[in-house]
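Computed from a prediction, not measured in an experiment: that's the story for all the values here. We name chains A, B, ... by the order of the sequence lines, and we start the count at 1 in each one.
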Amino acid sequence: RGMAAAALLLLLLVAGPGPRRAGAGRERRDALREELLLSPLPTGDVAATFQFRTRWDADLQQGAVSHYRLFPKALGRLVAALGVRELHLALTQGFWRTRFWGQPPLQAPAGAELWVWFQPTVTDVDKAWKELSNILSGIFCASLNFIDSTNTVTPTASFKPLGLANGTDHHLLRYAVLPREVVCTENLTPWKKLLPCGSKAGLAVLLKAERLFHSSYHSQAVHIRPVCRDASCLAVSWELRQTLTVVFDVFSSGQGKKDWSLFKMFSRTLTDACPLASQSKVYVDISPKNKEKELLEVTPPPTSVHEAVVQGDKKTYAVYDLLSPSLFNTSRSLNVQLKWKRPQDSSEMPIPVLHAQRYVGGYGLQTGEICTLIYNTHPYRAFPVILLETVPWYLRLYVHTLTIITKGKENKPSYIHYQPAQDRRRPHLLEMLIQLPANSVTKITIQFERALLKWTEYPPDPNHGFYVGSSVLSALVPSVIAMKDVDMEQSPLFTSLFPSSDGSSYFVRLYTEPLLVNLPTPDFSMPYNVICLTCTVVAVCYGSFYNLLTRTFHVEEPSRGGLAKRLANVIRKFRGVPPL
Amino acid sequence: VCTSRFWFNYRHVANTLSVYRSVKRLGIPDSHIVLMLADDMACNPRNPKPATVFSHKNMELNVYGDDVEVDYRSYEVTVENFLRVLTGRIPPSTPRSKRLLSDDRSNILIYMTGHGGNGFLKFQDSEEITNVELADAFEQMWQKRRYNELLFIIDTCQGASMYERFYSPNIMALASSQVGEDSLSHQPDLGIGVHLMDRYTFYVLEFLEEIHPASQTNMNDLFQVCPKSLCVSTPGHRTDLFQRDPQNVLITDFFGSVRKVEITTETISLDRDLAAVESKFPKDELATEPLKYAEQLPVAQIIHQKPKQKDWHPPGGFILGLWALIIMVFFKTYGIKHMKHVF
């Protein structure tokens, strides 16, 4: 009994200081993972994709959360106050050339793109949407406050939620794109400030504006969505992903050689991982093409090699784990370099399975035609694609001229949703589900007429033209190799953005080029000319009539003259000469 | 505020950014600065060095920097927005960074540059603000107690005409040229291909580079910047509305944010038990069934989607009138006694 009492006492002693000691070893409810993916593109450019993912095991919607650690408070408060379920904001400069560079990991249209799913509890979605775009314009220093009903649409089939969803009532979805938006350092700075380590440690030290904007394509995005907390998926965590994709033209800056290194691209090297990150890795795509190994060489030697099936194809990556102690043994900084052992033939360029282009046809300033060409280069598989087009109201579409032609025959879409525009209130929305046969080109044309705007509605530089936002293609592309369902926590970040349902196909979202059309521009000095001319004519006419009606003639006595004249007249009278 | 658009007006953006840079250097944080740039020069496709704006030739000084916050960009810089910022009459959902949150103890510095003329300043090649509007806006600010003292600097052609009409107290104004004179630009850079700065602001920037937060330089020194020999135009100033003597007004009163700091010796102990804060998380509700992700392209579901129910609108005036006419004709034809049965 004494031993039992002693054991009990020991137990109490151990359990006693528990609550106070919980402060030292409490479990963290948020985690940060950072990742950089460097992939050489077929044309010799290099694409660098940064992803910073903060996962927070708390429910932002219920309960008043007041202690923010890694998750930025500005975005957390926004999600809670406006009832946002998913938020995706992308700011892009340049265009991803799918035909030459391959499928992008995550593409965004030129300008600013914002699409948001709201919670079912939000009663006035349009009001919440307007408030959200205003608040985001203050956070990111972008003119997102120009998002209003004239460029917002509600897609009915595209843009399904990327996070956990209970139902998909498309009334809660809003999508807007501002193609004229410029991206510069003032947008990058607040984006960097949202990162837990800022730009002082970890992978974000490479993000210097002078190098990032001297590139062919620059896209920075913020994605917030609810995800499964674990494999059983009974609880919800919130995930914030910040992605930044840059494509550097190595030829023009590398004196004609295709070898690149981190220092040449970013003018910086990596020195350490972010202390707040639980994982910090650099992946370099060293997949062999045409089964030829030893085509390229990566220095310093990677910590490990990872193989994964990404976008339906087997790829090999050299991994540098910044948190492993062996990486910084030899030198204080990590400068990943890649050298090509053999010059690459340009005939080896692989063509992506799905790519598209869009252009404006026609002549003159009255009518025109929007043509979209969609290519399916798969040898034997057909697959469906959803095309979403948003056209501003001042280009009046004629839907009866919509034609879809594949291999010379007409191709009727299985689903079509068209919402006509209302002048100055709503843009055109055209959504179609088109089946693309194997190895084919589909041409979609629609004619439009240009409207004449009121003279106060023209921007200060109307001769630049007006932009039409990119159209969106969402497709499930058949994969070459079946993908296994992987755990989201273990796999690299660039594989887990789109949830995959089965391994036989992968989801891809492509954007076409934005279009620039000229509207008939009036001569803005005409109001001034008209006012001058009209006032002159009125003054002359009215003045003449007024004079004719009211002018009378009086006889005027000649004046007596001044003193000198009178004296002269007196002298003349004496002389006998007639007076002056 | 920079009011000019187009690449050849690079120097106006460089003017504004150099004043912004000096003001930040002397301690004013971004939350207290409203920066309006009418066009983007740094990431303009014509800029041979993207993400940079230079003020000295041979690319010595990049005034754009790495930490810049532009509150009003490109098409947002309009006369209406400028006056709304000044007077505080902004739509309710405007974020804080776009508001001028000043009260009756704030000193405000307003710097404007662009193309101007006798009595007006041109905004973005499409509209103008006149000196009368500006004076009235300042009077509104005075009546709403939105400033304690105000320093207004303008660098345009015939800039002195813009401050002729001020009538509110506590305003001091400087301009780069008198009525009838043009303000000239300083030097072109052959690599970039445009003129980089205006003369007046160039010499003001050189003057400000020497100021540090503790300097005692006063306004009289600022009035002497850029004499006619360097500037070709005659800078002017107006101090009759200002109550203090310019000799006693420090440059850092407007350009810097100097705070009085008192050191205290008493100690404050922080709460040791911070674990209580984090453990206050409400218990998460666990779902009964596992949640799942939405299918990205459910083809079958999309094809068989029911069309959206059109919202029912009550019939408009024309339809109502038409039906009223038909009913009246019916009852007129067949007799009025049928109407009794309806009512």
Q: With a 6.0 Å cut-off (strictly less than), is the heavy-atom count around CZ of A:Arg77, excluding the residue itself, greater than 12?
A: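 Incorrect, the count does not exceed 12.
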Q: Using a strict 4.0 Å threshold on nitrogen-to-oxygen distance, state whether A:Lys193 and B:Asp67 make a salt bridge.
A: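 A salt bridge links A:Lys193 with B:Asp67.
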Q: Can you give me the closest heavy-atom contact between A:Thr185 and B:Gly65, atom names plus distance?
A: CG2-O, 3.9 Å
Q: Let me know if B:Tyr72 has heavy atoms under 4.5 Å from chain A in its side chain, its backbone, both or neither.
A: neither
Q: Between A:Val183 and chain B, with a heavy-atom cut-off of 4.5 Å, which part of the residue counts as in contact: side chain, backbone, both or neither?
A: backbone
Q: Could you grab the distance from atom CZ of B:Arg73 to atom SG of A:Cys141, nearest 0.5 Å is fine?
A: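 Separation between the atoms: 7.5 Å.
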Q: I need the minimum non-hydrogen distance between A:Asp461 and B:Tyr75, along with the two atoms involved.
A: OD1-OH, 2.7 Å
Q: I would like to know whether A:Phe213 and B:Thr52 meet side-chain contact (heavy atoms from CB on, under 4.5 Å); could you show each step before the answer?
A: CA-CA 10 Å; A:Phe213 290 104; B:Thr52 57; over 6 Å; no
Q: What part of A:Thr168 gets within 4.5 angstrom of chain B, counting heavy atoms only: side chain, backbone, both, or neither?
A: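 For A:Thr168, side-chain heavy atoms alone lie under 4.5 Å from chain B.
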Q: Tell me, with the steps shown, if B:Lys98 and A:Ser137 meet side-chain contact (heavy atoms from CB on, under 4.5 Å).
A: CA-CA 9 Å; B:Lys98 287 187 169 180; A:Ser137 86; 3.4 Å; yes
Q: Look up atom CG in A:Leu132 and atom OG in B:Ser93, then write down how far apart they are to the nearest 0.5 Å.
A: 11.0 Å
Q: Under a 4.5 Å heavy-atom cut-off, does chain B meet the side chain of A:Ala475, its backbone, both or neither?
A: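 Only the backbone of A:Ala475 comes within 4.5 Å of chain B.
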Q: Please classify the contact of B:Ser126 with chain A as side chain, backbone, both or neither, using a heavy-atom distance under 4.5 Å.
A: side chain
Q: Tell me which of these, A:Pro384, A:Gly163, A:Ser474, has more heavy-atom pairs under 4.5 Å with chain B than the rest.
A: A:Gly163
Q: Please look at B:Asn62 and chain A and tell me whether the side chain, the backbone, both or neither of the residue comes under 4.5 angstrom of a heavy atom of that chain.
A: side chain
Q: Taking side chain as everything from C-beta outward and backbone as N, CA, C, O, which of these in B:Pro48 sits under 4.5 Å from a heavy atom of chain A? Side chain, backbone, both or neither.
A: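 The backbone, not the side chain.
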Q: Counting heavy-atom pairs closer than 4.5 Å to chain A, which one of B:Asp66, B:Val299, B:Thr78 comes out on top?
A: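 Maximum pair count with chain A is reached by B:Asp66.
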Q: Given side chains that start at C-beta, do those of B:Ser74 and A:Arg180 come closer than 4.5 Å, heavy atoms only?
A: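 B:Ser74 vs A:Arg180: side chains apart.
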Q: So, taking the atom named CD in A:Glu210 and the one named NZ in B:Lys49, what distance separates them when rounded to the nearest 0.5 Å?
A: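 Output value for this atom pair is 7.0 Å.
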Q: Give, as side chain, backbone, both or neither, the part of A:Asn187 having an atom under 4.5 angstrom from any heavy atom of chain B.
A: side chain
Q: Around atom CG of A:Asn166, are there more than 12 heavy atoms of other residues, nucleotides or ligands at under 6.0 Å?
A: no
Q: Answer with side chain, backbone, both or neither: which region of A:Phe159 has an atom nearer than 4.5 Å to a non-hydrogen atom of chain B?
A: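 Neither part; nothing is under 4.5 Å.
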Q: In terms of heavy-atom proximity below 4.5 Å to chain B, should A:Leu433 be classed as side chain, backbone, both, or neither?
A: side chain
Q: Check the pair A:Leu162 / B:Tyr293 against side-chain contact (heavy atoms from CB on, under 4.5 Å), numbers first and verdict last.
A: CA-CA 7 Å; A:Leu162 290 178; B:Tyr293 293 99; over 6 Å; no
Q: How about NE2 on A:His214, more than 12 heavy atoms from neighbouring residues, nucleotides or ligands closer than 6.0 Å, or not?
A: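 Atom NE2 in A:His214 is not crowded, with 12 or fewer foreign heavy atoms closer than 6.0 Å.
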Q: Just verifying a value: how many Å separate B:Gln296 CD and A:Ile386 CD1, rounded to the nearest 0.5 Å?
A: 10.0 Å
Q: Among B:Asp125, B:Asn44, B:Val70, B:Asp71, which residue forms the greatest number of heavy-atom pairs with chain A at distances under 4.5 Å?
A: B:Val70
Q: Quick one: of B:Pro92, B:Cys43, B:Pro298, who has the most non-hydrogen atom pairs under 4.5 Å with chain A?
A: B:Cys43
Q: What's the separation between atom CZ in A:Phe507 and atom CD in B:Glu295, rounded to the nearest 0.5 Å?
A: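 If I round to the nearest 0.5 Å, the distance is 11.0 Å.
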Q: Relative to chain A, which segment of B:Pro91 carries a heavy atom at a distance below 4.5 Å: side chain, backbone, both, or neither?
A: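 Answer is neither: B:Pro91 stays 4.5 Å or more from chain A.
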Q: Report the C-alpha separation of B:Leu35 and A:Glu186 in whole Å, then their side-chain angles, then the decisive distance to 0.1 Å, and conclude whether the side-chain contact (heavy atoms from CB on, under 4.5 Å) test is met.
A: CA-CA 11 Å; B:Leu35 176 63; A:Glu186 65 253 20; over 6 Å; no
Q: Is chain A contacted by the side chain of B:Tyr64, its backbone, both, or neither, given a heavy-atom distance below 4.5 Å?
A: side chain
Q: Which heavy-atom pair separates A:Gly138 from B:Ser97 by the least distance, and what is that distance?
A: O-OG, 3.6 Å
